[in-house]
Amino acid sequence: MSSFRSCEIFPSFVSLSHVFGFLLLLPGGSANGEDEHANVDWDNLGFGFMPTDYMYTMKCSKDGSFEQGQLSRYGNVELSPSAGVLNYGQASSHLQGLYEGTKAYRKEDGRLLLFRPDQNAIRMKMGADRLCMPCPSIDQFVDAVKGVALANKRWVPPSGKGTLYIRPLLMGSGPVLGLGPAPEYTFLIYASPVGNYFKEGLAPLNLYIEEEFHRASRGGAGGVKSITNYAPVLKAIARAKSRGFSDVLYLDSVNKRYLEEVSSCNIFLVKGNVISTPAANGTILQGVTRRSVIEIAGDHGYQVEERAISVDELMDADEVFCTGTAVGVAPVGNITYQDRRVEYKIRAESVSQELYSVLEGIKRGLIEDKKGWTIEIS
Ligand code: COI
């Protein structure tokens, strides 16, 4: 499958000045295009959608030809009723829709950092390959993310108050009736300022282990960020939330015994000095935060294991925590499985707190980034 050949959002970084020149002309845009904050209650951000000024769109036909990507005012998109994403995106296992999630952070000095957007680009490429879609190159993806973050700079929350969540989408937008790849694809990025993902804020989560529904099965698309991995878990989440749980933890669909992931994030457990997480063997998402936490934990002297983890082992852990771009590193306070509820000790000096502090410190520019994970864009 061919990939986007070249689709620069801006001919070069110099052309960012055109973008900000454009901003000056727009009603509601910032006066100097850079430093003003949007009028938002930054102290009460949750994970609800809040439209920002700009989005980015780039179209690509099936043969790999493209239209140059561009920033435009945020607004609705037009789609054919027979667009691949609408017809086969949610209704069958033949799907053509991927998404990503990455964030822009504001440093204390006001400048912006992105955290490993190249990893999201790589994951989108893997997903596109799985779903027979063309995909932007890593540079095209990262440049587009930078452009969206800069164009929406006034929506990046003040340091420590939240982040700008950046949502790249890749979808089959061309019309298709029979089951097959769409004749046209759209890569689109929008953004929204966000605070904590869970209403619990930074308080420990209480998870429910689901036995009836599974998130993914072997040979399926659970390992890529396909849109179809998300609608099927809504029922399980709604049921768990109505019973007071924060989210649902899924088991493997073959043995119904091994941990997979939570609807919105990956899972880790701690026993002594060993940190374990389910191996990414095709049914769980290869989270960017998951990978980063594994590396940080190794650097801090923990033994890290990626392997099959039984639910019995989970119930016997010292500590459990979740990781994800939206979720961050979130401690788990208790887990309910069948008729048993296990409480985990939440200590001030927990492993998850240690890993959270290091990761957040790097992302926010408070700790020196020796790994080259952050990109400063202002
Ligand atoms: C993310 O963490 O970026 C995700 O895509 C999870 C989603 C459920 C918000």
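Just the heavy atoms: all of them, side chains too, but no hydrogens, waters or symmetry mates, feed the values below. The first residue of the sequence shown is numbered 1, and numbering continues consecutively from there.
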Taking a hydrophobic cluster as the set of Ile, Leu, Val, Met, Phe, Trp and Tyr residues connected by side-chain heavy atoms closer than 4.5 Å, whether directly or through intermediates, do Leu169 and Tyr230 fall within one such cluster? yes
Go through the side-chain N and O atoms of Glu305 and Gln303 and say whether any donor and acceptor fall under 3.5 Å apart. yes
Tell me which donor-acceptor pairs under 3.5 Å the side chains of residues 291-298 have, and how far apart each pair is, sequence neighbours excluded?
from	atom 1	to	atom 2	distance (Å)
Arg291	NH2	Glu306	OE1	3.0
Arg291	NH2	Glu306	OE2	3.1
Ser292	OG	Arg116	NH1	2.9
Ser292	OG	Val288	O	2.7
Glu295	OE2	Lys371	NZ	3.0

Taking it one step at a time, do Asp316 and Lys271 satisfy salt bridge (charged side-chain N to carboxylate O under 4.0 Å, His left out)? CA-CA 8 Å; Asp316 189 41; Lys271 186 82 181 169; 3.5 Å; yes
Classify the angle between the aromatic ring planes of Phe141 and Phe187 as parallel (below 30°), tilted (30 to 60°) or perpendicular (above 60°). tilted
Identify the heavy atoms of Cys135 and Met124 that sit nearest to each other, and give their distance. SG-CG, 3.7 Å
Scan side-chain atoms only and decide if Tyr250 and Ser263 contain a donor-acceptor pair under the 3.5 Å cut-off. yes
Side-chain heavy atoms nearer than 4.5 Å, only ILVMFWY residues, links allowed to pass through others: does that put Ile166 and Met50 together? yes
Between Arg106 and Val156 (side chain of the first, backbone of the second, donor and acceptor by atom type, cut-off under 3.5 Å), is there such a pair? yes
Nearest-0.5 Å distance that lies between atom CG in Leu205 and atom OG in Ser264: 8.0 Å
Mark yes or no for whether Ser357, through its side chain, and Gln353, through its backbone, hold a donor-acceptor pair below 3.5 Å. yes
In Gln119, Arg123, Lys225, the residue satisfying side chain to side chain donor-acceptor pair (under 3.5 Å) with Glu100 is Arg123
Pair Phe321, Tyr356 - check ring-ring contact (aromatic ring centres under 6.0 Å, His included), show working. CA-CA 10 Å; Phe321 62 91; Tyr356 167 86; over 10 Å; no
With a 4.0 Å cut-off on N to O distance, would you call Arg307 and Glu313 a salt bridge? yes
Among Glu260, Glu261, Arg218, whose side chain to side chain donor-acceptor pair (under 3.5 Å) with Thr283 holds? Glu260
Before accepting this row, confirm whether a basic side-chain N of the pair Lys235/Glu212 lies closer than 4.0 Å to the acidic partner's carboxylate O. no
Going through the distances and angles, do Phe47 and Tyr165 end up as a ring-ring contact (aromatic ring centres under 6.0 Å, His included)? CA-CA 9 Å; Phe47 205 85; Tyr165 186 78; 5.2 Å; yes
Exam field: side chain Asn334 to backbone Arg341, donor-acceptor pair closer than 3.5 Å: no
Could you tell me whether a side-chain N or O of Asn273 sits under 3.5 Å from a main-chain N or O of Gly301, the two making a donor and an acceptor? yes
Which residue in the set Asp252, Thr277, Leu314, Val320 passes side chain to side chain contact (heavy atoms under 4.5 Å, CB included) when paired with Leu259? Leu314
Starting at CZ of Arg239, measure out to CG of Leu234 and round the result to the nearest 0.5 Å. 13.0 Å
Ion pair Glu376/Arg111, N-O distance below 4.0 Å: yes
Excluding sequence neighbours, so at least two apart, what forms salt bridge (charged side-chain N to carboxylate O under 4.0 Å, His left out) with Arg347? Glu319
Trace of the side chain to side chain contact (heavy atoms under 4.5 Å, CB included) decision for His214 with Lys256: CA-CA 9 Å; His214 295 278; Lys256 303 185 191 306; 3.2 Å; yes
Within this structure, what is the CG-CE distance for the pair Leu269 and Met315, rounded to the nearest 0.5 Å? 12.0 Å
Residue pair His37, Trp155: steps toward the ring-ring contact (aromatic ring centres under 6.0 Å, His included) verdict: CA-CA 6 Å; His37 278 297; Trp155 297 93; over 10 Å; no
Mark yes or no for whether Ser246, through its side chain, and Asn206, through its backbone, hold a donor-acceptor pair below 3.5 Å. yes
Please check if the side chain of Asn266 supplies one atom and the backbone of Leu285 the other of a donor-acceptor pair under 3.5 Å. yes
Has Lys59 got a side-chain atom pairing as donor or acceptor with Tyr185's backbone, closer than 3.5 angstrom? no
Indicate the ring-plane relationship of Phe115 and Tyr105, choosing parallel, tilted or perpendicular according to the 30° and 60° boundaries. perpendicular
Just by distance, do the side chain of Asp247 and the backbone of Leu207 share a donor-acceptor pair under 3.5 Å? no
Find out whether Pro183 and Pro175 are in side-chain contact, i.e. whether some heavy atom of one side chain is under 4.5 Å from a heavy atom of the other. yes
Test Thr374 against Ile362 for side chain to side chain contact (heavy atoms under 4.5 Å, CB included), laying out the working first. CA-CA 8 Å; Thr374 52; Ile362 294 173; 4.1 Å; yes
Scanning both residues in full, the closest heavy-atom pair of Ala280 with Gln286 reads CB-CG, 3.6 Å
For the hydrophobic clusters of this structure (ILVMFWY residues joined by side-chain heavy atoms under 4.5 Å, transitively), does one cluster hold both Tyr208 and Phe213? no
State, without any angle test, whether Thr289 and Thr323 hold a side-chain donor-acceptor pair at a distance under 3.5 Å. no
Does Ile189 belong to the same Ile/Leu/Val/Met/Phe/Trp/Tyr cluster as Ile138, with side-chain heavy atoms less than 4.5 Å apart forming each link? yes
Check for a donor-acceptor pair, side chain of Asn152 on one end and backbone N or O of Asp53 on the other, with a separation under 3.5 Å. yes
Any chance you could lay out the side chain to side chain contact (heavy atoms under 4.5 Å, CB included) test for Val332 and Cys322, step after step, and finish with the verdict? CA-CA 7 Å; Val332 175; Cys322 294; 3.8 Å; yes
Side chain of Glu354, backbone of Val351: donor and acceptor closer than 3.5 Å? no
Between Lys103 and Leu164, is any pair of side-chain heavy atoms under 4.5 Å apart? no
Contacts of Asp41 that satisfy salt bridge (charged side-chain N to carboxylate O under 4.0 Å, His left out) - sequence neighbours left out: none
